[in-house]
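Following: one structure in structure tokens, then a few remarks.
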Amino acid sequence: MPYQKDFLLKAYRSMKTIREFEERCVKEFEGGNIPGFVHVSNGQEAIAVAACIDLSDKDIIGSTHRGHGHCIAKGCDIGAMMKEIMGRVTGLCKGKGGSMHIADIDKGMLGANAIVGGGPPLVNGAALAAKTLGTKNIALSFNGDGSANQGTVMEAMNMAVVLQLPHVFVYENNGYAEGTAANYGLGCDSLTDRNAGFGMPAECIDGLDFFVTYEALKVATQRARDGGGPSAIEAMCVRFDGHFIGDPQLYRGTNEIKDARKTQDCLKIFRQRVVAEGWLTAATMNAIDKEIMVEIEKAVADALTAPHPDPATDLMSDVYCSY
Amino acid sequence: MPYQKDFLLKAYRSMKTIREFEERCVKEFEGGNIPGFVHVSNGQEAIAVAACIDLSDKDIIGSTHRGHGHCIAKGCDIGAMMKEIMGRVTGLCKGKGGSMHIADIDKGMLGANAIVGGGPPLVNGAALAAKTLGTKNIALSFNGDGSANQGTVMEAMNMAVVLQLPHVFVYENNGYAEGTAANYGLGCDSLTDRNAGFGMPAECIDGLDFFVTYEALKVATQRARDGGGPSAIEAMCVRFDGHFIGDPQLYRGTNEIKDARKTQDCLKIFRQRVVAEGWLTAATMNAIDKEIMVEIEKAVADALTAPHPDPATDLMSDVYCSY
Amino acid sequence: MTNYSNDPKIAGKSSLKTIREAINDALRAEMRRDPTVIVLGEEVSGGAGCPGEDDAYGGVFGVTKGLMPEFGRERVIDTPISEAAIIGAAAGAANNGLRPVAELMFFDFIGVSFDQIFNQTAKFRYMFGGKSKTPLVIRATVGGGWRAGAQHSSMLHSIVTHIAGLKVVMPSNAYDAKGLMVQAIRDDDPIIFLEHKTMYDNTCEVPDEQYAIPFGEAAFPRHGTDVTIVAISNMVTRAIEAADILAKEGISCEVIDPRTVSPLDDEAILESVEVTGRLVVVDEGNPRCGLASDIAGIVAEKGFHSLIAPIRTVTAPHTPVPFAPELEDAYIPSVEKILAAVREVIGG
Amino acid sequence: MTNYSNDPKIAGKSSLKTIREAINDALRAEMRRDPTVIVLGEEVSGGAGCPGEDDAYGGVFGVTKGLMPEFGRERVIDTPISEAAIIGAAAGAANNGLRPVAELMFFDFIGVSFDQIFNQTAKFRYMFGGKSKTPLVIRATVGGGWRAGAQHSSMLHSIVTHIAGLKVVMPSNAYDAKGLMVQAIRDDDPIIFLEHKTMYDNTCEVPDEQYAIPFGEAAFPRHGTDVTIVAISNMVTRAIEAADILAKEGISCEVIDPRTVSPLDDEAILESVEVTGRLVVVDEGNPRCGLASDIAGIVAEKGFHSLIAPIRTVTAPHTPVPFAPELEDAYIPSVEKILAAVREVIGG
Ligand SMILES: Cc1ncc(C[n+]2csc(CCOP(=O)(O)OP(=O)(O)O)c2C)c(N)n1
Ligand SMILES: Cc1ncc(C[n+]2csc(CCOP(=O)(O)OP(=O)(O)O)c2C)c(N)n1
Ligand SMILES: [Mg+2]
Ligand SMILES: [Mg+2]
């Protein structure tokens, strides 16, 4: 067996937690319990988990507007996350951030980012700190097919090469940027070829396959840790839901999502593989599923009863360390 | 003879005018007659002229902080230019722009740009107008090896491909961005490979050779005019002077400039070629030289006696069409 | 939800319209009238390159819906996520014969496009010695109330008001939105047109015909003699609400809606303060170097002798916009805060 | 050229230093003291990858000269021309254990890096519920006088002052520049440190030792009782000059240099106006939503009852910065204009 059982269990648990967390977010949003704009990442779990599973809390990730999965994969507490997403004062960011700005510095999660392309320059900074301080930590940014076209992202790629920063650029190519096709927004035929043009190793992989993604990330991460500089990995995947919760998705093909949920579900693909290989049993995974449902139920119940922030004390605090 | 004599005379006159104009700017700056920051382009004349010689006034160029050569190549009046650079009210921009913001809309010169990377997005706009209005005009941006790393430039490249804009991106790679080597600032080994990654035809050529540059530009320009979309041309060249007038250039190699002026002078290369081929005689060109010296002398003399702007009328005007 | 329009002059056919519809109206009719008007931005149509329906969004708030089916993708252009390139393309096109209406979706995205706005677009005409014009409209949503958090809820109009060369337009109702958009498109200068995202569904009577509202002319949704309240964008509704409450207490408030903050109709404000002697300025923007203190400063300089009480500004606090609803509600100036400010200046 | 320092408290060895030297001093000593302090930006050393000399520039104004030879390229980092990536790298590093001093060369370049400044750096702490700190200094040159034209001469401090989460520091002399830079580096919040490009050669006595000047504490280069003049950055010199001329005419001016505009020492200003009853604010920035009207607005609100005359602001006009020397000189507030404003408020 090429993978430790613990590793496989952790991977599965993490992916499944993301899936159920996101599906529940949709429900809670529709039930009026979550305010604001919420972007869920179900369908893309394999990439988040493959990218983060080997990282320590000192390795830094930078995320996007679609950040829940990255948080969970990086080890953020789902209870504190749900509270944050519901705007409670006991949330990860005291309710000040919300879904689009959720962060957990203690876990090396440098924040979702509601500005497309906002993250990679910052992740360069985390990588620069690691390099300057000689910590051997690495940094990793999540990007989309759409954010790839933001100037800040391209600048960050070039700078990462120039300064040989330990920064892995992960591109989750889910085929869409809101309601615009990836291959419309990207003028080039291949994002990976474009990435390679920046002077870093670049690869395009099947992001629905956890194992393929994990192996590619492992090489890139190790390269970064060994001082070999940045890499770019484009992971092809599918967005199971709308751009935001509530998106009518008129731009998608007939049955596109239904079909994808059937045949392009990274969780199903994972389960099939590990069962076929005899690495894990369905029963084991079903048991994990149950645990997760309980955890999420609890996260939601706790969040729903968690205290709200108090404008008198919370509105004006945390702007500065001192002023 | 593959080129018309008139064409060759025009090319030579234009390049030589740039050379002498720039050398004179250095003198006038040192003599205290030109205020501000001035970036001269001597050494790079072949590219400016090869790029602009076939363009009409309706074809638009966007330039950089190093814009005098592009102006002259595009047909701007050197008298009005010198006045502008000296800050006179009869200058091209009434003395409000100066060297770094010199522009001449009537000649299709959309402005120097003191913001590195500021031009290409705007040139996309000129190209978009041409495309939308069906004029068959094209647009061309000048870029540097350094500005290539500005996000705005990369965004502009992608958008030009997506919208199939008639925009030729010319990169003048003179080896330096201020005091930083091109191959330091560019993380990639080849800017042209990176440009190609954006999904447009990209080529690297000898920008010291007028004819090579002209032929490459001709293809790219024609492609744009025919609806074939953008191209990128990286023209290798040499900056004969400092980044700005007064730059001590400590970062350059011993004898680097002296040697370049001897062996990498695009004007000398042009003269040698046309004489060797029997296309033009040295005498003809020497006669042009004299005419140019007279013209520049006159431009300077006129500029030095030209009226200054009057704060009472000129400071507050031209901010808005109406307010 | 306001149903007020300010000084509407309605002749001929009209109907109840939302701000969304009013702006859509203006865009559509101008595009019909003038083939050089184009619309560009992210998802202004939506569905580009996708297997499903075209015009899937018509802008994320649906403001440009229906334009692409009528005018085609050549004039209603979906772009990559490259705001600097969007503004640049619009500005460059404006200098070369088009009248582009570019959308920034959220005005918070000026961060990634600011150079093209303030160093290029705004300065062209001046730098070129008056030899160019840049008839460009940049549309964007501003403001809080959507629980969209710190990076999607800012106002930021004060920042563009600071920039010479830009005009800044902030309608407070559907009637004005239409007339100001028509003017914006026909205007030869670059316009920042800011739509408060909580107001899209607000309705009022809007004429069917096209009409242009000149810039720099304030509207007076309420006339009064005790206190002048200057409010902008969504704050106009709240100022009116406050004024109506105070009217019942016998306090007569003049509510002034500048409609454009650059140019600003400072004469209207100064004349009103001449009568009332008291000024309250209400703005959802942040306080430091913001529009509220700008107006306060102007009056303290040019209208000082009219003043009989301290000027009061009612603004958001000096903080980013918080996510949690309670915090965001406390962040945005409320009717209560306006009432308190007016009572203070009446008292003191 | 000013030779003044404001309230310097000099003990121990000192020498006459330029602002350039004073800032270099501060950087060098802090880098020696704290290995987490790094410097990054374009040409902060210069010569990267080149055949000739290293440290060829030390910043285009020479402010960081000599740091690279002492601390190496690992801590004095030349970057590509990618301002968004520079600020991002600095902010991300600041969140992860470094104390970066990033240089923007010309503050006009906030246009291409503004998102990283205002949406990221400034908001981290708030969005993250207070769980992060971003000890980052962004240095940049501001202002006119170099005939550098519209895109290299702006002030723009009012724009960052508007942004909650940033602190904005604007020294007017070498003594303050050193102490404020030391404080900026040691401070745990993101700092915008703005150096007026005409002032680098201005000298005054500067102590050899390191000292930190707290933020939010104004200096009083002149004490007086008739008029309060608030001036910032290079305008302090001109305000002092005006005050000294007026003193001879028997008009006693208090000149206040806030030194940091965010936080602003409004108490100092209000207390002074309590005595003088008159306020003139001088700022090279543009007038609309600028620092001058900001301060005017604050005083019109909190110090109204002290005022006995209209507030006067002396600023640049609402135009871009022109290139021609005559125009630029007319653009920048002059001593004459300050004199006229003071005389006006004395008269009126
Ligand atoms: C600077 C900026 N521009 C536009 C947006 C609006 N927006 C949010 S997400 C998004 C699409 C991003 O697409 P992609 O990078 O592919 O990520 P995905 O949504 O597919 O995860 C857009 C346009 C934004 N938030 N920030
Ligand atoms: C946004 C911005 N960043 C930095 C600068 C300062 N600057 C002016 S020119 C220049 C170098 C440009 O190099 P390159 O593009 O190679 O053009 P070259 O000077 O070689 O013609 C720099 C860094 C600027 N003007 N604008
Ligand atoms: Mg996507
Ligand atoms: Mg160069």
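Just so we're on the same page: letters track the sequence lines, and every chain starts at 1.
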Smallest separation among heavy atoms of C:T319 and D:Y126, with atom names: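 Closest approach of C:T319 to D:Y126, heavy atoms only: OG1-OH, 3.9 Å.
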Heavy-atom closest pair, residues D:G297 and C:A296: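 Closest approach of D:G297 to C:A296: CA-CB, 3.9 Å.
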D:I163 and C:R288: CA distance, side-chain angles, deciding distance, side-chain contact (heavy atoms from CB on, under 4.5 Å) verdict: CA-CA 8 Å; D:I163 305 297; C:R288 297 296 317 282; over 6 Å; no
So for [X], is it side chain, backbone, both, or neither that comes closer than 4.5 Å to the heavy atoms of chain D?
X	result
C:L307	both
C:A84	neither
C:I295	neither
C:S154	side chain
C:V321	backbone

Under 3.5 Å, side chain of [X] to main-chain N/O of [Y], donor-acceptor pair present?
X	Y	value
D:D294	C:G290	no
C:E301	D:P310	no
D:K123	C:Q151	no

C:K133 NZ: over 12 foreign heavy atoms closer than 6.0 Å: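 Atom NZ in C:K133 is not packed in, count stays at 12 or less.
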D:K337, NZ: over 12 other non-hydrogen atoms inside 6.0 angstrom: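 Yes, the 6.0 Å shell around NZ holds more than 12 heavy atoms from other groups.
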4.5 Å side-chain heavy-atom contact, C:P322 and D:M127: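 C:P322 does not reach D:M127 side chain to side chain.
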Residue pair C:F304 / D:I311, side-chain heavy-atom distance below 4.5 Å: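 The answer is no, as the side chains (C-beta and beyond) never meet within the 4.5 Å cut-off.
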Distance, nearest 0.5 Å, that separates [atom1] of [X] from [atom2] of [Y]:
X	Y	atom1	atom2	result
D:N119	C:L156	CG	CG	7.5 Å
D:H318	C:H162	NE2	NE2	9.5 Å
C:D115	D:F109	CG	CZ	9.0 Å
D:I298	C:S293	CD1	OG	7.0 Å

Contacting region of D:I117 [heavy-atom separation from chain C under 4.5 Å]: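 Nothing of D:I117, per the 4.5 Å heavy-atom cut-off to chain C.
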Candidate pair C:F114 and D:V112, rule side-chain contact (heavy atoms from CB on, under 4.5 Å), full reasoning: CA-CA 6 Å; C:F114 194 42; D:V112 286; over 6 Å; no
